[in-house]
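For ligands, and for the atoms within them, numbers begin at 1 and follow the listed sequence.
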Amino acid sequence: MFVVVERIKIVEGDITGLQVEAIVNAANSSLLGGGGVDGAIHRAAGPELLAECRTLGGCKTGDAKITKGYRLPARWVIHTVGPVWRGGEHGEEELLAGCYRRCFEVARERGITRIAFPSISTGAYGFPVDRACRIALREIAEALERSSELEQAIVVCFDRRTRAAYEAALADLKRARNR
Ligand code: AR6
């Protein structure tokens with residue numbers, strides 16, 4: 001258990017600058033770009049990314065699709081579509097968990113060993129970060145537990161409040177697993 005938590009890293013910064021094999025994009029179902037982290041990834045990757053995204057036929061909420069990273073330091077971008085928060089009674093938690101699971105499935109198919117996530121759904125889509133971070137870390141820990149090939153998962157938080165929430169949730173996860 002200790003080993004799993006040690007393979008999770010939380011950092012504060014801009015995910016587009018990360019030198020990892022794959023970064024995850026919190027996209028929308030068109031996959032044709034938008035604001036937030038999606039806009040930043042498209043700007044940094046260049047127009048070739050949009051051209052490849054156009055060939056993918058969109059993406060359902062909770063699903064994930066992969067493209068190349070083009071001008072990004074990351075080789076791959078895994079695009080996932082988080083749920084829009086509508087009060088919590090519309091399957092939002094399960095859909096968010098599904099995003100993380102699908103990202104790891106797609107990563108496994110390509111033999112990706114290091115992957116970085118933004119805080120999916122907690123910006124424009126309004127998912128409360130205190131809930132989202134627990135779901136994210138639970139799914140990340142389970143994926144790391146299942147796969148010894150997966151070396152590291154990084155959560156890139158864009159602001160201090162988000163980082164504090166993820167760090168508190170990771171500390172709780174550590175405590176729960178050491179029991
Ligand atoms: N690096 C890391 N995290 C970032 C960055 C960045 N460069 N920029 C923003 N964030 P959001 P969502 C954080 O809104 O809630 C888009 O328009 C941000 O502070 O990017 O899943 C899409 O096209 C927040 O903590 O994604 C969709 O329409 C987190 O990333 C919609 O927004 C997620 O915020 C998706 O909404």
Under the salt bridge (charged side-chain N to carboxylate O under 4.0 Å, His left out) rule, what do Glu94 and Arg101 come out as? Steps first, then yes or no, please. CA-CA 10 Å; Glu94 196 43 43; Arg101 283 183 217 138; 3.1 Å; yes
Under 4.0 angstrom from ligand 1, any heavy atom of Cys157?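 No; Cys157 lies far enough from ligand 1 that no heavy-atom distance drops under 4.0 Å.
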Any heavy atom of Gly82 closer to ligand 1 than 4.0 angstrom? no
Does a side-chain heavy-atom distance below 4.5 Å link [X] with [Y]?
| X | Y | result |
| --- | --- | --- |
| Asp63 | Val81 | no |
| Tyr70 | Glu52 | yes |
| Asp38 | His42 | yes |
| Arg71 | Pro47 | yes |

Select one of side chain, backbone, both or neither to describe which atoms of Ala40 lie under 4.0 Å from any atom of ligand 1, heavy atoms only.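 The side chain, only.
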In the protein, what heavy atom is nearest to [atom], and what distance, to one decimal place, separates them?
| atom | result |
| --- | --- |
| atom 1 (N) of ligand 1 | Ile15 N, 3.0 Å |
| atom 21 (O) of ligand 1 | Ser121 N, 2.8 Å |
| atom 36 (O) of ligand 1 | Tyr125 CG, 3.4 Å |
| atom 20 (O) of ligand 1 | Val37 N, 2.8 Å |
| atom 15 (O) of ligand 1 | Gly123 N, 2.8 Å |
| atom 3 (N) of ligand 1 | Phe158 CB, 3.5 Å |
| atom 14 (O) of ligand 1 | Ala124 N, 2.8 Å |

Which atoms of ligand 1 sit under 4.0 Å from any heavy atom of [X]?
| X | result |
| --- | --- |
| Ala26 | 21 (O), 22 (C), 26 (O), 35 (C) |
| Gly36 | 8 (N), 9 (C), 20 (O) |
| Gly35 | 16 (C), 17 (O) |
| Asp14 | 1 (N), 6 (C), 7 (N) |
| Asp38 | 22 (C), 23 (O) |
| Thr122 | 15 (O), 24 (C), 25 (O) |
| Gly13 | 1 (N), 2 (C) |

Criterion salt bridge (charged side-chain N to carboxylate O under 4.0 Å, His left out) on Arg108 and Glu105, from CA distance to verdict: CA-CA 5 Å; Arg108 193 170 50 239; Glu105 267 173 32; 5.1 Å; no
Measuring from atom CG of Leu18 to atom CD1 of Ile154, what distance do you get when rounded to the nearest 0.5 angstrom? 5.0 Å
Rounded to the nearest 0.5 Å, what separation is found between the OG1 atom of Thr122 and the CH2 atom of Trp85? 12.0 Å
On a heavy-atom basis, I'd like to know which of Ala132, Gly34, Ser119 is closest to atom 33 (C) of ligand 1.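 Looking at heavy atoms only, Ser119 sits closest to atom 33 (C) of ligand 1.
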Arg134, CZ: over 12 other non-hydrogen atoms inside 6.0 angstrom: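 Result for CZ/Arg134: enclosed.
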Residues Arg177, Glu145: salt bridge by 4.0 Å N-O rule: yes
Name all residues meeting the ring pair (Phe, Tyr, Trp, His ring centres under 6.0 Å) criterion together with Tyr166; count only those two or more places apart in sequence or in a different chain, and write none if there are none.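 For Tyr166, no residue satisfies ring pair (Phe, Tyr, Trp, His ring centres under 6.0 Å) once neighbours in sequence are set aside.
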Looking at residues at least two apart in the chain, or sitting in another chain, which of them share a ring pair (Phe, Tyr, Trp, His ring centres under 6.0 Å) with Trp76?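 Partners of Trp76 under the ring pair (Phe, Tyr, Trp, His ring centres under 6.0 Å) test: none.
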Considering distance alone, does some N or O of Asn28 sit under 3.5 Å from an N or O of ligand 1?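 Min N/O separation from ligand 1 is below 3.5 Å for Asn28.
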